[in-house]
Every structure is written in structure tokens, then in C-alpha cells.
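Notes follow the structure.
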Amino acid sequence: MCTYNGDKYLEQQIDSILCQTYPIHELIIQDDCSTDRTVTIIEAYQKRDPRVKLYINEAPLGFNYNFSSAFAKAEGEYIASSDQDDIWRPDKIEILMNHATNHSLLFHNSYLFTTDIQQTMGVT
């Protein structure tokens, strides 16, 4: 996950990743010099969960380079990218992994972010 001044939905997104039905090996979060509470929120998660790994850029990289740099830090065999304002279905990674055999890239659609969708997905 890459972040920049994303404190509004960040906790919901981190929770949705860490609570996946498929085991998550690591959650790399790379911050692009946020000036809001983004880093403070991530540091609190990092203290509670060793899977959370925070990296803070020394200077802003911008969207593309921030993601590229974060991908290079991943240790797992599979990488799932995430924006800071997404909220994942609890079974998102499980569904993707069920289709990973013989595929090197998987794509999925998203729901428009609304309260109704959150309730449908079991996210509060």
C-alpha cells in the first residue's frame, strides 16, 4: 500500500487487509511524505502487528515511483497493490489466490465506495 495524506480511510483499509480470510505474509506501507496523521496511524498498527512494515520516503516520489519502490521491497511470491482509501472484501485475496494457478497477473473489479456497499461486504 502506498500512502500520501490518507488518514481519512486508512484504518479501515489496514483492518480490511489484516483481516483477510487468506493469510497475509506482510503489509508493506510506503508513505510519500504525508503531512497529516497517516504515519502516526501506521506506526500504531506496526506496534500491534509485526506484518505491518512502514517505509517513509526521504523526498516525495509521486504515485508511480512510490508503488514501484514499494513493490521492490516485497518478500512474498505474490503482490497485491492497494490504495490508501480502498476497503477490501474479507475474502478478496482468497478469491484471487483461487484463480492464481497458471496466471502471472490477476485483475479484479471494484465496488464504488458507499455505505451500502460496506454493509453488503460486512465492513463497518
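What you see is a predicted model; the values in this text were computed from it and never measured. Below, all heavy atoms of this structure are taken into account, side chains as well, without hydrogens, waters or symmetry copies.
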So [Y] and [X], do their side chains get closer than 4.5 Å, heavy atoms only?
X: Arg51; Y: Leu18; result: yes
X: Leu96; Y: Tyr22; result: no
X: Lys73; Y: Gln30; result: yes
X: Lys92; Y: Gln20; result: yes
X: Phe71; Y: Ser81; result: yes
X: Met1; Y: Leu10; result: yes

Would you compute the distance between atom [atom1] of [X] and atom [atom2] of [Y] and round it to the nearest 0.5 angstrom?
X: Asp32; Y: Asn66; atom1: CG; atom2: CG; result: 4.0 Å
X: Leu54; Y: Glu43; atom1: CG; atom2: CD; result: 6.0 Å
X: Ile17; Y: Ile93; atom1: CD1; atom2: CD1; result: 8.0 Å
X: Tyr78; Y: Met97; atom1: OH; atom2: CE; result: 4.5 Å
X: Thr38; Y: Glu11; atom1: OG1; atom2: CD; result: 10.0 Å
X: Asp31; Y: Ile42; atom1: CG; atom2: CD1; result: 5.5 Å

Over all atoms of both residues, closest heavy-atom pair of [X] and [Y]:
X: Pro60; Y: Cys33; value: N-SG, 3.5 Å
X: Arg89; Y: Ile95; value: NH2-CD1, 3.6 Å
X: Leu61; Y: Ser69; value: CD1-CB, 4.2 Å

Checklist entry - Hey, does the side chain of Ser16 reach the backbone of Gln13 with a donor-acceptor pair shorter than 3.5 angstrom? => result yes
Next on the checklist: side-chain contact (heavy atoms from CB on, under 4.5 Å) for Gln84 and Tyr9? Distances and angles first, verdict last.
Outcome noted: CA-CA 7 Å; Gln84 64 196 11; Tyr9 299 110; over 6 Å; no
Linking I/L/V/M/F/W/Y whenever any side-chain heavy atoms sit under 4.5 Å apart, do [X] and [Y] land together?
X: Ile29; Y: Val39; result: yes
X: Ile14; Y: Ile24; result: yes
X: Ile79; Y: Tyr65; result: no
X: Ile28; Y: Val52; result: no
X: Phe67; Y: Ile56; result: no

